[in-house]
Amino acid sequence: MAIVGKKFPSVSIDAMSEMGDDLKINIFEEAVSKNSKVLLFWYPKDFTFVCPTELHAFQSALPDFQKRNTIVIGASCDTNEVHFAWLNTAKDNGGIEGVTYPLLADTHRHLANILGILD
């Protein structure tokens, strides 16, 4: 990737907490202020078939990441409102209820463009 070995961009992106709080997260500042690593993963779209399994797997592994001083953050180009609806949909209905790490809402694809991950 073109960004390997480069400093992560310091930009604030909208995000949703599991409690329904609208947040602004600057991943770089979060990592620096907590002196931690960050696992940032992208998925294509809320309410898609495979994604809930992956998001629940990251949730199950969250204690292991925390032991390794690593913050987990999910991201897509959906809105906070869609994230909130998905967070409030039961797992057996294709939702991600129970996921507690924040989800970035890169609606305007600002971070995705900076990182060069859009096709």
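Predicted model, so just to flag it, every value in this text is computed and none were measured.
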Main-chain N/O of Lys24 paired to Asp14 side chain as donor or acceptor, under 3.5 Å: no
Which is it for Phe28 and Val32 under the side-chain contact (heavy atoms from CB on, under 4.5 Å) test, yes or no, and what are the steps along the way? CA-CA 6 Å; Phe28 178 78; Val32 170; 3.9 Å; yes
For Ala15, does its backbone N or O pair with a side-chain atom of His83 as donor and acceptor, under 3.5 Å? no
Side chains of Cys51 and Lys45: does their closest heavy-atom pair fall under 4.5 Å? no
Taking atom OG of Ser17 and atom CG of Asp22, what is their separation to the nearest 0.5 Å? 8.0 Å
Using atom types as modelled and distance alone, determine if a side-chain donor or acceptor of Tyr101 lies under 3.5 Å from a backbone N or O of Leu55. yes
Does the side-chain contact (heavy atoms from CB on, under 4.5 Å) test come out yes or no for Tyr43 and Phe58, once each step is laid out? CA-CA 12 Å; Tyr43 59 92; Phe58 278 113; over 6 Å; no
Salt bridge (Lys or Arg N to Asp or Glu O under 4.0 Å) involving Lys37 - partner list, sequence neighbours excluded: none
Closest non-hydrogen atoms of Trp42 and Ala112, given as atom of the first, atom of the second and distance, are CH2-CB, 3.9 Å
Would you mind reporting whether Asp106 and Ser76 have side-chain heavy atoms less than 4.5 Å apart? no
Apply side-chain contact (heavy atoms from CB on, under 4.5 Å) to the pair Asp46 and Phe84, showing each step before the final yes or no. CA-CA 10 Å; Asp46 294 359; Phe84 186 64; over 6 Å; no
Give a yes or no on whether the backbone of Gly94 and the side-chain of Trp86 come within a donor-acceptor separation of less than 3.5 Å. yes
So, the side chain of His110 versus the backbone of Ser12: is there a donor-acceptor pair under 3.5 Å, distance only? no
Mind listing the closest non-hydrogen atom pair of Val82 and Phe47 along with its distance? O-CE1, 3.9 Å
For Glu81, the salt bridge (Lys or Arg N to Asp or Glu O under 4.0 Å) test, sequence neighbours excluded, returns none
Starting from the C-alpha separation in whole Å, work towards a yes-or-no answer on side-chain contact (heavy atoms from CB on, under 4.5 Å) for Thr107 and Asp78. CA-CA 6 Å; Thr107 309; Asp78 288 298; over 6 Å; no
Between Phe41 and Leu115, is there shared hydrophobic-cluster membership here, with clusters defined by ILVMFWY side-chain heavy atoms closer than 4.5 Å? no
Counting only N and O atoms by type, is there a donor-acceptor contact under 3.5 Å from the side chain of Gln59 to the main-chain atoms of Thr100? yes
Does any part of the side chain of Leu87, heavy atoms only, come nearer than 4.5 Å to the side chain of Leu103, both counted from C-beta? yes
To the nearest 0.5 Å, what is the distance between CG on Leu23 and CD1 on Ile13? 12.5 Å
Heavy-atom pair of closest approach, residues His56 and Gly95: NE2-O, 3.0 Å
Taking side chain as C-beta onward, heavy atoms only, is Val38 less than 4.5 Å from Glu30? no
Which atom pairs, donor and acceptor, lie under 3.5 Å between side-chain atoms of residues 61-74 and protein residues at least two apart or in another chain?
residue	atom	partner	partner atom	Å
Arg68	NH1	Asp64	O	3.1
Asn69	ND2	Asn35	O	2.6
Thr70	OG1	Arg68	O	3.1

Determine yes or no for a side-chain-to-main-chain donor-acceptor pair under 3.5 angstrom, with Asn93 supplying the side chain and Thr89 the backbone. no
For the atom pair CD (Glu54) and CD1 (Ile96), what is the distance rounded to the nearest 0.5 Å? 12.0 Å
